[in-house]
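Along the sequence shown, the residues carry numbers beginning at 1. Atoms within each ligand, like the ligands themselves, are counted from 1 in listed order.
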Amino acid sequence: MQRVGFTVEKQPGFAGKREMLKGTLLTAKEKIREGTLQVEPWLITPHRAPAEQRAVIIGGGLAGTAAAYSLARRGWQVTLIERHDTLAQEASGNPSGILMPLIAAPDDVVGQFFLEAYRYAVQHMNQLPDFTWQQCGTLQLMTKDANRVRYKNAPDHPALSAGVMQPVSASDASALAGIKLSQGGWFFPQGGYVSPPALCKAQIAAFPDCIKVLYHAEAISLTYINEWNVLDKKGEKLAEAPVVIIANALDATHFQQCSELPLRRVRGQVSYLPATKASQKLQTVLCYEGYMTPAVGGVHSVGATFHPDETHEELRASDHEENIAMLKPYISEGLLNHSDVEGRVAFRAASPDRRPLVGEVPDIIQFQKDYADLVHGKQYKTYPAGNYFPGLYVSLGHGSRGITSTPIAAELLACKITGEALPLEQSLADALNPARFVIRSLKSGQA
Ligand SMILES: Cc1cc2nc3c(=O)[nH]c(=O)nc-3n(C[C@H](O)[C@H](O)[C@H](O)COP(=O)(O)OP(=O)(O)OC[C@H]3O[C@@H](n4cnc5c(N)ncnc54)[C@H](O)[C@@H]3O)c2cc1C
């Protein structure tokens, strides 16, 4: 909330006959100096209007292409740097992925963010030019965890009152899915599945005059001299701009400015199961501990394993078995064809608290100096505002739900960069601030 200070002053030249009210809009820094600001100072990220509407984005997956789209639709000139010779070759390269919110207890900030992100993503997919996706609905079948969290809070859950999800019995679920299911659960009528590579391409193709992609270019370091210079491994300049968005997933930590961001590699394998006559009737996405899509080109995508810190890039038979084992309790055995299973391996970039990292990049060394006394539990109002690199932003840590989270992350960044009103409540935007980890470490004395 903006605070306005009022004083009553005598009007000069009116011999004390009249008085006027004079208001002063205090800046965040002035409020901190006064000690009246209720916001944690490290969350204050003053808007610095860039001299020109030019940005470089590093990474041609869902996070980078969504960011390019959001800036280009505001008329910005964007250079996107991608090390492969096409878009979406890494985590965003699976042929199908699920659009689905992460439902958690109503007061859980992760669930609150993903609910907003989901509603935004649905609109984004439906408005994106020359893009089709399968809005067939998503059925979340009852699992132990889902049962515990969702049903416990069912009557009050904001996703229910917003019409985002509705409870379904096993017979309702079977009718929706087109196959017999042993469990009911929750139906998300606006959900479905998406081809992430097609989404990346459509986001870039929407503004051919504004977005230029440099393929086969690998960004290795960033230096700031009046604006950001993005350099390759020979130290040669790939591009420059007043604004840079780092959206290259796990590799972001190779940049010195992001080296302390806590991203974790999580190996995932998706299995492609040949459809049978019976399984071809599946009409909605099934979610449980994993997921199964309706058949596309005679194949179901069944996913996905979740193995933190593994680096093995080859397909593993044991992971196919794991994917099939997750699915088996929910459908009849005769429905599946386990022969000739193929698949794909990729690596998620996950954050420790399941929220993506979206926003300005904190200068960690300065944070460690400015907030060193947090460990002693000092009142936050005695601290200076956060020190962030000018014009440097990230969209990282989208974990297992980048289809849902990247469109709103891109909008949030575009609004922060241009100084527009944010598309998320301030508290949710703050919950994505990449500085949250260093602050936690400082408070606990681990930094
Ligand atoms: C098996 C599996 C299944 C999944 N299923 C789903 C699902 O059903 N629903 C869902 O919402 N999400 C799903 N996800 C998660 C989703 O795919 C990710 O959240 C999303 O793709 C992340 O996008 P990104 O742009 O951050 O990363 P990436 O797609 O990895 O993009 C990063 C890009 O940066 C490029 N790059 C890296 N370093 C550099 C550099 N130095 N210079 C230039 N370019 C560089 C890479 O080549 C890459 O193109 C799944 C992930 C996996 C692994």
Asker: I need the atoms of ligand 1 closer than 4.0 Å to a non-hydrogen atom of Arg348, numbered in the order shown.
Answerer: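 Checking each atom against Arg348, I get 2 (C), 51 (C), 52 (C), 53 (C).
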Asker: Atom 22 (C) of ligand 1: which of Gly61, Ser92, Ser395 has the nearest heavy atom?
Answerer: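 Residue with the shortest heavy-atom distance to the ligand atom: Ser92.
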Asker: Backbone, side chain, both or neither: what part of Ser400 comes under 4.0 angstrom of ligand 1, heavy atoms only?
Answerer: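 Within the 4.0 Å criterion, Ser400 contacts ligand 1 through backbone atoms alone.
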Asker: Please classify the Arg83 to ligand 1 contact at 4.0 Å (heavy-atom distances, strictly less than): side chain, backbone, both or neither.
Answerer: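 Both parts.
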Asker: With backbone taken as N, CA, C and O and side chain as the heavy atoms from C-beta onward, which portion of Val266 lies under 4.0 Å from ligand 1: side chain, backbone, both, or neither?
Answerer: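 It is neither; nothing of Val266 touches ligand 1.
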Asker: What verdict does the side chain to side chain contact (heavy atoms under 4.5 Å, CB included) test give for Asn433 and Tyr388, after you've listed the backbone C-alpha separation in whole Å, the side-chain angles of each residue and the deciding distance to 0.1 Å?
Answerer: CA-CA 11 Å; Asn433 186 322; Tyr388 293 84; 3.1 Å; yes
Asker: Ring centres under 6.0 Å, that's the criterion: do Tyr371 and Trp42 meet it?
Answerer: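 Yes, they do, as the ring centres are separated by less than 6.0 Å.
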Asker: With heavy-atom distances below 4.0 Å as the criterion, list the atoms of ligand 1 near Glu218.
Answerer: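 Every atom of ligand 1 under 4.0 Å from some heavy atom of Glu218: 40 (C), 41 (N), 42 (N).
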Asker: Numbering the atoms of ligand 1 from 1, which are under 4.0 Å from a heavy atom of Gly268?
Answerer: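 This gives 1 (C) as the contact atoms.
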Asker: Give a yes or no on whether Arg354 atom CZ has more than 12 heavy-atom contacts from other residues, nucleotides or ligands under 6.0 Å away.
Answerer: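 For Arg354, atom CZ is not crowded (no more than 12 foreign heavy atoms under 6.0 Å).
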Asker: Taking only heavy atoms of Gly97, which atoms of ligand 1 are found under 4.0 Å from at least one of them?
Answerer: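 Those atoms are 7 (C), 8 (O).
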Asker: Output yes when Arg316 and Glu310 qualify as a salt bridge under the 4.0 Å nitrogen-oxygen rule, no when they do not.
Answerer: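 Salt bridge present between Arg316 and Glu310.
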Asker: With a 4.0 Å cut-off on N to O distance, would you call Arg267 and Asp319 a salt bridge?
Answerer: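 A salt bridge links Arg267 with Asp319.
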Asker: Counting from 1, what ligand 1 atoms have a heavy atom of Ala249 closer than 4.0 Å?
Answerer: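 Here the atoms of ligand 1 in question are 27 (O), 30 (O).
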Asker: Would Ala217 count as a contact residue for ligand 1, given that I'm defining contact as a non-hydrogen atom of the residue lying under 4.0 Å from a ligand atom?
Answerer: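 Distance cut 4.0 Å: Ala217 passes for ligand 1.
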Asker: Mark up the atoms of ligand 1 that fall under 4.0 Å of a heavy atom belonging to Ala346, in ascending order.
Answerer: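 So the answer, numbered in order with elements, is 53 (C).
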Asker: Does Tyr291 approach ligand 1 within less than 4.0 angstrom via side chain, backbone, both or neither, non-hydrogen atoms only?
Answerer: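 Within the 4.0 Å criterion, Tyr291 contacts ligand 1 through side-chain atoms alone.
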Asker: What are the atoms of ligand 1, with element, lying closer than 4.0 Å to any heavy atom of Asp251?
Answerer: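 Reading through ligand 1 atom by atom, the close ones are 38 (N).
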Asker: Among all protein non-hydrogen atoms, which one is nearest to atom 18 (C) of ligand 1, and what is the separation to 0.1 Å?
Answerer: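 For atom 18 (C) of ligand 1, the nearest protein heavy atom comes out as Gly399 O, 3.5 Å.
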Asker: Should the pair Tyr118 and Phe188 be assigned to parallel (<30°), tilted (30 to 60°) or perpendicular (>60°) ring geometry?
Answerer: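 If you compare the ring of Tyr118 with that of Phe188, the planes turn out perpendicular.
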Asker: Does Gly60 come within less than 4.0 Å of ligand 1, judged by its heavy atoms?
Answerer: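 Yes, Gly60 has a heavy atom closer than 4.0 Å to ligand 1.
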Asker: Rounded to the nearest 0.5 Å, how far apart are NZ of Lys180 and CG of Leu335?
Answerer: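 Rounded to the nearest 0.5 Å, the NZ-CG separation comes to 12.0 Å.
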Asker: Judged on heavy-atom distance to atom 3 (C) of ligand 1, which of Thr406, Val194, Asn94, Val270 sits nearest?
Answerer: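 Selected option, by shortest heavy-atom distance: Asn94.
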Asker: Hey, would you say the Tyr224 and Phe389 ring centroids sit under 6.0 Å apart?
Answerer: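 No; Phe389 has its ring centre 6.0 Å or more from that of Tyr224.
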Asker: Is the shortest distance from a Lys or Arg side-chain nitrogen in Glu360 or Lys416 to a carboxylate oxygen in the other one below 4.0 Å?
Answerer: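 Yes, Glu360 and Lys416 are salt-bridged.
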Asker: Are Asp430 and Arg436 ion-paired here, with the side-chain N under 4.0 Å from a carboxylate O?
Answerer: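 No, Asp430 and Arg436 are not salt-bridged.
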Asker: List every atom of ligand 1 that sits less than 4.0 Å from any heavy atom of Arg401, numbering the atoms from 1 in the order shown and giving each element.
Answerer: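 Those of ligand 1 that fall under 4.0 Å from Arg401 are 10 (C), 11 (O), 12 (N).
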Asker: Salt bridge check: are Arg265 and Asp309 linked by an N-O gap of less than 4.0 Å?
Answerer: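 Here Arg265 does not pair with Asp309 in a salt bridge, since their nearest N and O are not under 4.0 Å apart.
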Asker: Could you go step by step and tell me if Glu236 and Lys234 meet the salt bridge (charged side-chain N to carboxylate O under 4.0 Å, His left out) rule?
Answerer: CA-CA 5 Å; Glu236 281 168 17; Lys234 292 184 193 150; 5.2 Å; no
Asker: Quick test: of every protein heavy atom, which one is nearest to atom 49 (O) of ligand 1, and how far off is it to 0.1 Å?
Answerer: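 Checked against all protein heavy atoms, atom 49 (O) of ligand 1 sits closest to Glu82 OE1, 2.6 Å.
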Asker: Please determine whether any non-hydrogen atom of Pro196 lies less than 4.0 Å from an atom of ligand 1.
Answerer: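 The answer is no, since Pro196 has no heavy atom less than 4.0 Å from ligand 1.
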Asker: I need the contact type for Ile98 against ligand 1. Using non-hydrogen atoms and a strict under-4.0 Å cut-off, is it side chain, backbone, both or neither?
Answerer: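 It is both backbone and side chain that touch ligand 1.
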